[in-house]
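Here is the structure we will look at, set down as structure tokens.
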Amino acid sequence: MIPPIARRFVAGESPNGAIEHAKTINKRDVGAIVNVLGEHYTDPTQAEQDAEEYLELLEIIDGCENRICISVKPSQIGLDIDDTAFMNNLERIVDVAASQDTFVWIDMEDHTTTDVTLDAFETLTVKHGGGVGVCVQANLKRTATDLERLASLPGKIRLVKGAYDEPATVAYRDKARVNEEYRDLMSFMFESFRSGIAIGSHDPEMIDLASDLHRTYGTEFELQMLMGVRDDAQYELALENDVFQYVPYGDRWLSYFYRRAMERKENALFAARAILGR
Ligand code: FAD
């Protein structure tokens with residue numbers, strides 16, 4: 001069972017927990033991006049099981065009138081096995097999702113996976129005329145070029161700063177440099193994209209910049225943040241913006257919770273206090 005302390009960041013172990021959480025945040029105008037926790041499977045059975053779990057999740061989503069989409073990690077549905085296993089599983093998920101009008105996000109993992117992930121996105125978003133989104137990372141030096149290719153495609157692009165510890169040969173490692181790149185890439189997207197910009201960041205400066213760029217170019221956008229991170233800001237921003245919350249669930253919650261708790265001092269203190277019962 002998930003301890004109460006981890007429930008801030010993880011919506012339970014079952015799809016029903018995630019759907020219940022999604023319904024709660026929907027009431028405050030925040031949409032849900034539901035993710036089944038899992039990554040880096042080298043056993044095809046595990047990848048298959050998670051693909052099946054997404055199909056079951058889609059069936060539940062189809063039955064409720066809520067603002068819910070899903071987000072899938074490539075290495076949880078076969079990318080660490082081979083490209084074909086990944087593509088087959090992803091296509092099954094996206095085909096079902098498209099038939100019921102549920103949006104599918106593809107998370108982006110480390111730089112060795114970027115090409116195959118973007119290729120899969122392109123194939124499926126062209127096949128369905130949209131309904132699919134992919135994440136790109138501002139810390140990667142290649143992303144400006146990738147965005148030029150992605151600008152003319154249907155679907156949506158989520159811009160994030162990048163969560164993976166990448167080598168300096170392919171990535172900017174200095175935080176200020178990544179922020180500069182994030183601002184430049186965001187400006188390019190608002191100027192050049194006609195559909196589907198998602199700002200995946202908790203950074204107030206980047207959120208303000210997105211609002212400014214929207215005023216300048218008129219391009220629509222959505223804000224995306226993680227469950228348990230700046231929740232009050234999410235509800236406040238949802239009064240005037242399209243806001244989605246990334247809602248993970250599943251029995252592999254421990255390492256995800258650990259990452260969230262450790263990434264900021266206040267979260268680590270919150271975790272320690274809760275463990276000590278104060
Ligand atoms: P940071 O640069 O970490 O911080 C900037 C400012 O934001 C801080 O000074 C503070 O004011 C505020 N802030 C940030 N975090 C917190 C917090 N915990 N509590 C309070 N304030 C905070 N990365 C990938 O590599 N691939 C993905 O597919 C991916 N998907 C993502 C999806 C979503 C919806 C989100 C929100 C992030 C995703 N990320 C992904 C992670 C992303 O790359 C960053 O590592 C992460 O979002 C931290 O960067 P930031 O812009 O939020 O803020």
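Each ligand, and each atom within it, is numbered from 1 in the order the structure gives.
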Review point. Numbering the atoms of ligand 1 from 1, which are under 4.0 Å from a heavy atom of Cys135?
Key: 26 (N), 27 (C), 28 (O), 29 (C)
Practice item. Can you label the angle between the Phe193 ring and the Phe188 ring as parallel, tilted or perpendicular, going by 30° and 60°? Key: perpendicular
Exercise for review: Have a look at Lys73, Gln224, Lys175, Lys161 and point out the one with the heavy atom closest to atom 3 (O) of ligand 1.
Suggested key: Lys175
**Study point:** Ring-face cation contact, Tyr172 with Arg177, 6.0 Å cut, 45° max
**Key:** yes
Point to revise | Presence of salt bridge, Arg92 and Glu48, under 4.0 angstrom | key: yes
Study note, to complete from the structure: Nearest non-hydrogen contact to atom 39 (N) of ligand 1 from the set Val229, Val160, Asn179 belongs to Val160
Point to revise | Check: Pro204 N/O within less than 3.5 Å of ligand 1 N/O | key: no
Point to revise | Residues which pass side-chain contact (heavy atoms from CB on, under 4.5 Å) with Glu205, listed by chain and number, not counting sequence neighbours | key: Arg183, Asp203
Review point. Cation over ring, Arg260 on Tyr256, under 6.0 Å and within 45°?
Key: yes
Exercise for review: Using a strict 4.0 Å threshold on nitrogen-to-oxygen distance, state whether Arg194 and Glu220 make a salt bridge.
Suggested key: no
Exercise for review: Report, in ascending order of atom number, the atoms of ligand 1 lying under 4.0 Å from any heavy atom of Asp107.
Suggested key: 28 (O)
Exercise for review: Just jot down the ligand 1 atoms closer than 4.0 angstrom to any heavy atom of Asp203, in number order.
Suggested key: 5 (C), 6 (C), 7 (O)
Study note, to complete from the structure: Correct closest heavy-atom pair for Pro15 and Ile60 would be CB-CD1, 3.8 Å
Exercise for review: Check each atom of ligand 1 against the heavy atoms of Arg230 and keep those under 4.0 Å away; list them by number with element.
Suggested key: 20 (C), 21 (N)
Study note, to complete from the structure: Heavy-atom proximity to atom 13 (N) of ligand 1 ranks first, among Met206, Glu205, His202, for His202
Point to revise | Option set Ala163, Ser201, Ala233, criterion heavy-atom distance to atom 41 (C) of ligand 1, minimum | key: Ala163
Review point. Which atoms of ligand 1 sit under 4.0 Å from any heavy atom of Tyr164?
Key: 25 (O)
Practice item. Nearest heavy atom to atom 25 (O) of ligand 1 wins, so pick from His111, Glu166, Gln137. Key: Gln137
Review point. If you measure from each non-hydrogen atom of Arg158 to ligand 1, which part falls under 4.0 Å: side chain, backbone, both or neither?
Key: side chain
Review point. If only atom types and distance count, is the side chain of His202 paired as donor or acceptor with the main-chain N or O of Leu226 below 3.5 Å?
Key: yes
